[in-house]
Amino acid sequence: MAVGIFDSGLGGLTVYERVAARLPDLPLCYFGDNAHTPYGVRDPEDIYSLTCQGVERLWEEGCSLVILACNTASAAALRRMQESWVPTDKRVLGVFVPLIEALTERHWGDNSPPREVAVKHVALFATPATVSSRAFQRELAFRAIGVDVEAQPCGGVVDAIEDGDEMLAEALVRSHVEALTRRMPNPEAAILGCTHYPLMEKTFQDALGPDVQVYCQASLVADSLADYLQRHPDMRGTGTKSVFLTTGNPAQVSDKATQFLRRKIEFQAA
Ligand code: DGL
């Protein structure tokens, strides 16, 4: 039994970390497409074909279920993959839905009609590709009415994080928060709609102020995955070992991952 976790690079490790803590006995296979990161500035066709290649590689590791721990891939490719590409004995799930279920105070998998919810003004921080897909607004509209979403494409933040340039990442986050709050001065909630951003959560919270509730995907995805696997135990797959795969340079990616997670992580070539 093994579950796959896919990201364009290192951001999905924020999801990996929470899933590993929540389901310690579950082998996890991580795939980082570091050779092609960032996805956030690519066009949807490109994101679709890169994501399919990565997911196929995780199937080879015996994962029947792959989590796209990447909002950009979830926004630009997931629906098309589910509609026309994923075989019937496999599943690919994204990271938007658990987040929206939490924001709209729903139980995991509750598909009842949209209704009024407490939160009315939501700030969304995501990559340019995620913002322009409007996938977040579309998924939200299935579940809630009367919510105003202001989205900020956070150009440059993923590159700065992948390069390990924390000072630049921090400066960019502050300027993106300032740009958004000029258009929506008092959001009640902020969504960190990119799996790289939890690494900058403190800066987002600090720039937004203490009254804004910041939603991070990692633990929400871990909880909803635990619930999903309980309902679908057959999706645990045949793989038995945990592995970290990258399309980038394994030694460099391992160093950065070790720095992010503050423990030794060893990637191997995908
Ligand atoms: N971490 C990813 C996301 O959640 C991808 C960022 C990127 O590659 O641009 O969107």
Side-chain angles (χ1 to χ4, degrees), residues 4-19 30-55 58 66-79 81 92-100 123-139 151-165 168-169 172-173 176 190-201 204 214-222 224-225 244-248 253 256-257 260-261 267 270:
I5 299 186
F6 168 92
D7 185 40
S8 63
L10 295 170
L13 289 173
T14 58
V15 173
Y16 166 88
E17 204 48 355
R18 294 301 172 93
V19 171
Y30 186 90
F31 181 99
D33 192 7
N34 300 78
H36 302 107
T37 198
Y39 279 14
V41 292
R42 291 178 180 273
D43 65 48
E45 196 55 43
D46 208 9
I47 296 170
Y48 175 78
S49 76
L50 290 170
T51 306
C52 290
Q53 284 168 38
V55 169
L58 287 168
V66 174
I67 306 294
L68 297 188
C70 174
N71 291 268
T72 309
S74 302
L78 180 60
R79 183 184 273 216
M81 291 168 81
V92 180
L93 301 175
V95 282
F96 273 176
V97 171
L99 181 74
I100 292 172
L124 169 67
F125 298 94
T127 66
T130 299
V131 170
S132 66
S133 75
R134 296 189 60 82
F136 179 84
Q137 288 88 331
R138 189 180 64 227
E139 290 294 338
Q152 176 68 23
C154 298
V157 176
V158 168
D159 302 71
I161 293 173
E162 289 276 331
D163 292 345
D165 192 339
L168 176 61
L172 287 167
V173 165
H176 288 304
I191 303 292
L192 303 191
C194 169
T195 53
H196 283 71
Y197 300 171
L199 295 160
M200 303 305 298
E201 184 179 354
F204 274 104
V214 174
Y215 284 79
C216 266
Q217 287 166 319
S219 41
L220 298 171
V221 171
S224 89
L225 174 63
F244 292 91
L245 300 169
T246 177
T247 55
V253 174
K256 281 184 196 153
F260 281 171
L261 297 189
F267 273 82

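Every number for a ligand or one of its atoms is a count from 1 in the order of the listing.
If you run side chain to side chain donor-acceptor pair (under 3.5 Å) between Y39 and each of T72, T130, D33, T127, only D33 comes through. Across V221, N71, L68, I191, a single residue satisfies side-chain contact (heavy atoms from CB on, under 4.5 Å) together with F96, and that is N71. In summary, of the residues considered (T247, D7, T246), a side chain to side chain donor-acceptor pair (under 3.5 Å) with N34 occurs for T246 alone.
Distances below 4.0 Å separate heavy atoms of T72 from the following atoms of ligand 1: 3 (C), 5 (C), 6 (C), 10 (O). Counting atoms of ligand 1 from 1 in the listed order, those under 4.0 Å from a heavy atom of S8 are 5 (C), 6 (C), 7 (C), 8 (O). Close approach of ligand 1 to N71 is summarised as follows: ligand atoms under 4.0 Å from at least one heavy atom of the residue are 3 (C), 4 (O), 10 (O). Atoms of ligand 1 lying under 4.0 Å from any heavy atom of T37, numbered from 1 in the order shown and given with element: 8 (O). Which parts of ligand 1 touch P38 is read off a 4.0 Å heavy-atom cut-off, strictly below it: atoms 7 (C), 8 (O), 9 (O). Per-residue contacts place T127 under 4.0 angstrom from the following atoms of ligand 1 (heavy atoms of the residue considered): 6 (C), 9 (O), 10 (O). Atom numbering of ligand 1 starts at 1 in the shown order; those under 4.0 Å from a heavy atom of G40 are 7 (C), 8 (O), 9 (O).
The line from SG of C194 to CD1 of I161 is 6.5 Å long, rounded to the nearest 0.5 Å.
In this structure, the protein non-hydrogen atom closest to atom 1 (N) of ligand 1 is H196 ND1, 2.7 Å. What sits closest to atom 7 (C) of ligand 1 on the protein, heavy atoms only, is Y39 N, 3.3 Å.
Proximity of a side-chain donor or acceptor of H36 to a complementary backbone N or O of S8 within less than 3.5 Å is not detected. Judged purely by atom type and a 3.5 angstrom limit, T14 uses its side chain to pair as donor or acceptor with the backbone of T195. The main-chain N or O of L13 is found under 3.5 Å from a side-chain atom of Y30 such that the two form a donor-acceptor pair.
Nearest-residue assignment for atom 6 (C) of ligand 1 (options V157, V158, D7, I161; heavy-atom criterion): V158.
For F125 and F204, the gap between ring centers is short of 6.0 Å.
Ligand 1 lies nowhere less than 4.0 angstrom from a heavy atom belonging to G9.
Every N/O-N/O distance between T130 and ligand 1 stays at or above 3.5 Å.
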